There are 2 protein chains.
Amino acid sequence: MDQEILKKYSNVDECPVRNVLDRIGNKWTLLVLLVLEEQQVLRFNELHTYISTISQKMLSVTLKSLEADGLVKRTIYPQVPPKVEYELTARAQSLLPLIHNLVDWSKTHINAIKTSRKHYELVTRK
Amino acid sequence: MDQEILKKYSNVDECPVRNVLDRIGNKWTLLVLLVLEEQQVLRFNELHTYISTISQKMLSVTLKSLEADGLVKRTIYPQVPPKVEYELTARAQSLLPLIHNLVDWSKTHINAIKTSRKHYELVTRK
DNA sequence: ATAAAAACTAACCTAAACGTAAGTATCCAA
DNA sequence: TTGGATACTTACGTTTAGGTTAGTTTTTAT
C-alpha cells in the first residue's frame with residue numbers, strides 16, 4: 001500500500017469498500033437485507049411489521065438507498081390502494097454470504113469483545 | 001428469524017453484528033486495521049504519516065476503540081519523549097480475512113453500483 | 001531560560017444521521 | 001361525506017460523528 005493508494009483511499013468517495021460500508025454500516029440496512037433474504041418478497045408495511053422499531057421514514061430512506069445501489073428491486077403495482085413489493089437482486093445475493101461471515105464472526109467474538117470493553121473501562125478509570 | 005429474535009436484533013446494543021459494524025463501519029477504523037496489518041508495528045506519529053488526512057483526535061479515538069475491543073495492542077515505553085507502539089491482536093487477525101472479502105467484493109462491484117446510482121438519480125429526477 | 005520531541009487531550013463547532021408527528025395522494029365502500 | 005387502505009413525504013428537533021485549533025506533559029539538549 002503505497003502513499004498514492006493511501007491518499008486515494010483516505011478519500012471516502014474514491015474508496016470502493018467505504019462506498020459499500022457506508023451503506024451496510026448504517027443503522028437499518030443489514031436488518032432489511034437479512035429480512036428480505038428470508039422472506040424473499042415483502043411489501044412496505046410487511047417489512048415494517050417485521051422490523052417494528054424502524055420508523056416509516058427510515059425504512060423509506062433505507063429502501064431507497066438499497067434500490068439506488070441495485071441491491072433491492074422495487075415493483076409497483078398500479079392499484080388503489082397502492083401495492084409495492086421489494087426483493088433482493090442478484091447483486092445483493094452475492095453480498096449476503098460475506099455478511100453472514102461477519103454475523104458469524106460477531107457472534108463468535110462478541111462475548112470476548114464485551115469483556116475486553118469492560119476491562120478497558122476499568123483500567124482507564126474515569 | 002422469529003419476532004423475538006427480530007425485536008432483539010433491532011436493538012443495536014444487543015445485536016452482535018451491529019456491535020462489530022458500528023466500529024468497522026466508521027470513517028477510519030478499516031484503514032487503520034489495514035495499515036497495521038501491512039506494517040505490523042507502528043507508533044502514533046508513524047500511523048499519522050501513513051494516513052495523513054486523519055486528524056490526531058480521530059486517530060486517537062479510533063485507536064482507543066480498537067484497543068478497547070481487543071483488536072489492537074498498545075505498548076507504552078517509559079521514555080521521554082514518550083514512545084507508544086500499536087499492533088494488531090490475534091482477534092484482529094481473525095477478522096481481517098472477512099474484511100478482505102468485503103474489499104474484494106467492493107472492488108468487483110463498485111463500478112456497477114456507481115452506474116446504478118447514476119441511473120437511479122436520472123429516473124427519480126429532481 | 002527556552003525549546004524540542006512525542007503522544008496525546010480539551011474545548012469548541014458543523015454537518016449528517018436519526019427520530020417524531022403530521023400530512024399527502026388515490027380510489028372505493030359505507 | 002367520511003373514513004379506510006397503502007405507501008409514502010415533509011417539516012421539524014435532537015443526537016452523534018467528525019473536524020479544527022490550541023494546549024498539556026515530561027525531560028533533555030542548547
Side-chain angles (χ1 to χ4, degrees), chain A residues 10-13 15 18-19 21-32 35-36 41-68 72-87 120 123-126, chain B residues 10-13 15 18-19 21-32 35-36 41-68 72-87 120 123-126:
Chain A
S10 296
N11 181 313
V12 171
D13 290 341
C15 171
R18 280 247 50 83
N19 258 277
L21 278 180
D22 279 354
R23 297 294 165 106
I24 72 169
N26 67 24
K27 189 166 176 184
W28 297 109
T29 297
L30 258 198
L31 213 45
V32 170
V35 168
L36 279 176
V41 182
L42 287 174
R43 300 174 64 175
F44 187 89
N45 281 338
E46 287 173 337
L47 265 165
H48 197 212
T49 53
Y50 273 99
I51 309 173
S52 56
T53 46
I54 196 175
S55 65
Q56 280 188 322
K57 176 193 162 185
M58 286 314 297
L59 180 54
S60 173
V61 166
T62 303
L63 287 169
K64 267 187 209 308
S65 94
L66 283 171
E67 192 196 354
V72 156
K73 182 183 163 203
R74 180 171 180 270
T75 310
I76 312 172
Y77 296 89
Q79 303 178 356
V80 170
K83 175 179 176 182
V84 180
E85 287 185 341
Y86 295 92
E87 62 192 306
Y120 182 82
V123 299
T124 55
R125 285 235 170 284
K126 54 168 184 176
Chain B
S10 298
N11 181 313
V12 172
D13 290 340
C15 172
R18 282 246 49 85
N19 259 275
L21 277 180
D22 279 354
R23 298 294 165 104
I24 71 168
N26 67 24
K27 188 166 177 186
W28 298 109
T29 297
L30 259 197
L31 212 46
V32 170
V35 168
L36 279 177
V41 182
L42 288 175
R43 300 174 65 174
F44 187 89
N45 281 337
E46 287 174 338
L47 265 164
H48 197 212
T49 53
Y50 273 98
I51 310 171
S52 56
T53 46
I54 195 176
S55 64
Q56 281 188 323
K57 175 194 164 185
M58 288 314 296
L59 180 53
S60 173
V61 166
T62 304
L63 287 170
K64 268 187 208 309
S65 97
L66 284 170
E67 192 196 352
V72 156
K73 182 183 163 205
R74 180 171 180 270
T75 310
I76 313 172
Y77 296 89
Q79 303 178 355
V80 169
K83 175 178 177 182
V84 180
E85 287 185 343
Y86 296 92
E87 61 193 306
Y120 182 82
V123 299
T124 57
R125 283 237 171 283
K126 52 169 183 174

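All values reported here derive from a predicted model rather than from experimental measurement. So that the names make sense, note that chain A is the first sequence line, chain B the second, and so on, each numbered from 1.
In this structure, the nucleotide among D/dC8, C/dA7, C/dC18 sitting nearest to the side chain of A/Phe44 is D/dC8. In this structure, the nucleotide among C/dA5, C/dA7, D/dA7 sitting nearest to the side chain of B/Arg74 is C/dA7. The side chain of A/Arg43 lies closest to D/dT6 when the candidates are C/dG19, D/dT6, C/dC8. The side chain of B/Gln56 lies closest to C/dT9, out of D/dT9, C/dT9, D/dG18.
If you measure from atom CD of B/Gln79 to atom P of C/dA6, you get 11 Å, rounded to the nearest angstrom. One atom, CG of A/Asn45, and another, C1' of D/dC8, lie 9 Å apart when rounded to the nearest Å. A/Asp22 places its CG atom 8 Å from the P atom of C/dA17, with the value rounded to the nearest Å. When rounded to the nearest whole Å, the span between CZ of A/Arg18 and C1' of D/dG18 equals 13 Å. Spacing between atom CD of B/Glu46 and atom P of C/dA6 amounts to 10 Å, rounded to whole angstrom units. For the pair B/Asn26 CG and C/dA17 C1', the computed distance is 14 Å after rounding to whole Å. In this structure, the CZ atom of A/Arg23 is 16 Å from the C1' atom of C/dC18, given to the nearest Å. Note: CH2 (B/Trp28) to P (D/dG18) measures 10 Å, nearest angstrom.
One finds the CZ atom of B/Arg23 at 10.5 Å from the OG1 atom of B/Thr62 (value rounded to the nearest 0.5 Å). The CD1 atom of A/Ile54 sits 8.5 Å away from atom CG of A/Leu47, with the distance rounded to the nearest 0.5 Å. Atom CG of B/Leu42 is separated from atom NE2 of B/His48 by 13.0 Å, given to the nearest 0.5 angstrom. Taking NZ from B/Lys73 and CD from B/Glu85, the interatomic distance works out to 9.5 Å, rounded to the nearest 0.5 Å. B/Leu66 contributes atom CG, which lies 10.5 Å from atom OH of B/Tyr86 (distance to the nearest 0.5 angstrom). Atom-to-atom distance recorded for B/Thr75:OG1 and B/Glu87:CD is 5.5 Å, nearest 0.5 angstrom.
Heavy atoms only, all atoms of each residue included: B/Phe44 and B/Leu59 are closest at O-CD2, 3.6 Å.
Taking every heavy atom of residues 57-64 of chain B and every atom of DNA chain D, pairs under 4.0 Å involve B/Lys57, B/Met58, by number.
Nucleic acid contact class of B/Tyr77 (heavy atoms, under 4.0 Å, all strands): none.
Contact between the side-chain N/O atoms of B/Tyr86 and the OP1/OP2 oxygens of C/dA6 is not found at any separation under 4.0 Å.
In terms of position on DNA chain C, the residue among A/Ile54 and B/Lys83 whose nearest nucleotide sits closer to the 5' end is B/Lys83.
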